[in-house]
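Working notes, beginning with the structure itself.
Worth saying up front: this structure is predicted, and the values here are computed from it rather than measured. Order of listing sets the numbers, starting from 1, for every ligand and every atom in it. For the single chain, residues carry numbers from 1 onward in sequence order.
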Amino acid sequence: MRCGCPAAASGARDVHPRPTAHSSTTAISKPAAAPRLDLYAPIHKALRLFMGDTLARVGRIDLSDSADSSATLQQLDALLELCRGHVAHENQHLHPALEARRPGASQRIGAEHDEHLDAIAALGADVAALRALPSAAAAHRLYRHLAVFIGENLVHMNVEETAHNATLWELCSDAELQDIHQRIMASVGPDELALVLRWMVPALSPAERADSFGVTTGTVSMVLATAISSSAVKVSLVITPCPAGCWRR
Ligand SMILES: [Fe+2]
């Protein structure tokens with residue numbers, strides 16, 4: 001599992017070829033460039049799925065059904081906590097790596113992280129207000145504010161996956177990226193890991209799941225094994241079979 005927060009398994013790669021000196025017209029006889037490690041893509045896929053599902057649930061919340069209301073707001077609580085943790089992981093592990101190699105490289109995104117933390121706190125206040133005095137108006141206010149927060153995050157994550165990755169791939173070796181990844185993983189607790197897997201597994205393509213979790217080789221990564229053995233995990237892993245060889249890139 002890889003990411004810019006709770007992240008992914010050992011050594012698997014996404015398809016982001018290293019730049020070469022020749023264009024594609026002259027590279028026919030050259031072996032394909034090894035893909036680079038993408039620390040952002042898997043966790044961002046998980047967050048996008050979690051955000052979209054939660055927004056839809058908040059939009060259709062049934063205030064006359066206490067069980068539905070409670071479950072919906074609990075899911076939103078979990079999303080906001082995961083987003084708070086995601087910001088912390090990126091601030092602690094990725095931004096220092098960027099700044100050490102290119103001062104100012106994380107400035108824009110770092111400022112947006114501060115805004116996201118403010119937005120998360122404001123959303124928490126909206127949730128508390130809805131719980132204290134349920135009303136259609138309060139529910140719709142929460143829905144609109146959550147939609148704006150998600151919209152800003154979608155743009156934000158795209159910058160990270162393009163500009164930040166470009167800088168990381170230009171200035172960091174794969175060994176350095178793996179070291180960052182390992183330090184992120186070491187900072188993720190079992191409850192957070194379980195929640196990430198709950199949304200990451202169904203967010204990835206079959207080939208990405210096989211690549212990240214070693215499914216096709218019959219092995220299960222240490223990360224996944226740890227999560228499965230954790231009492232905190234209540235995850236239904238529905239894994240679409242991967243055709244033979246589909247994970248090879
Ligand atoms: Fe971020």
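Between Arg102 and Glu170 there is a salt bridge, with a side-chain nitrogen of the basic residue lying less than 4.0 Å from a carboxylate oxygen of the acidic one. A salt bridge links Arg131 to Asp77: one of the charged nitrogens lies within less than 4.0 Å of a carboxylate oxygen.
Panel detail: the Fe ion (ligand 1) has protein N, O or S atoms under 2.8 Å away, 4 in number.
With hydrogens and angles left out, the side-chain atoms of Ser187 and His89 include a donor and acceptor closer than 3.5 Å. Counting only N and O atoms by type, the side chains of Glu152 and His156 include no donor and acceptor under 3.5 Å apart.
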*asked:* Assess the residue pair His86 and Glu90 against the criterion (side-chain hydrogen bond (donor to acceptor under 3.5 Å, both in side chains)); give the C-alpha distance rounded to whole Å, side-chain angles, the decisive distance to 0.1 Å, and a yes or no.
replied: CA-CA 6 Å; His86 180 67; Glu90 291 184 344; 2.8 Å; yes
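In the hydrophobic clustering of this structure, Tyr40 does not group with Leu171; members are Ile, Leu, Val, Met, Phe, Trp, Tyr whose side-chain heavy atoms approach within less than 4.5 Å, directly or through other members.
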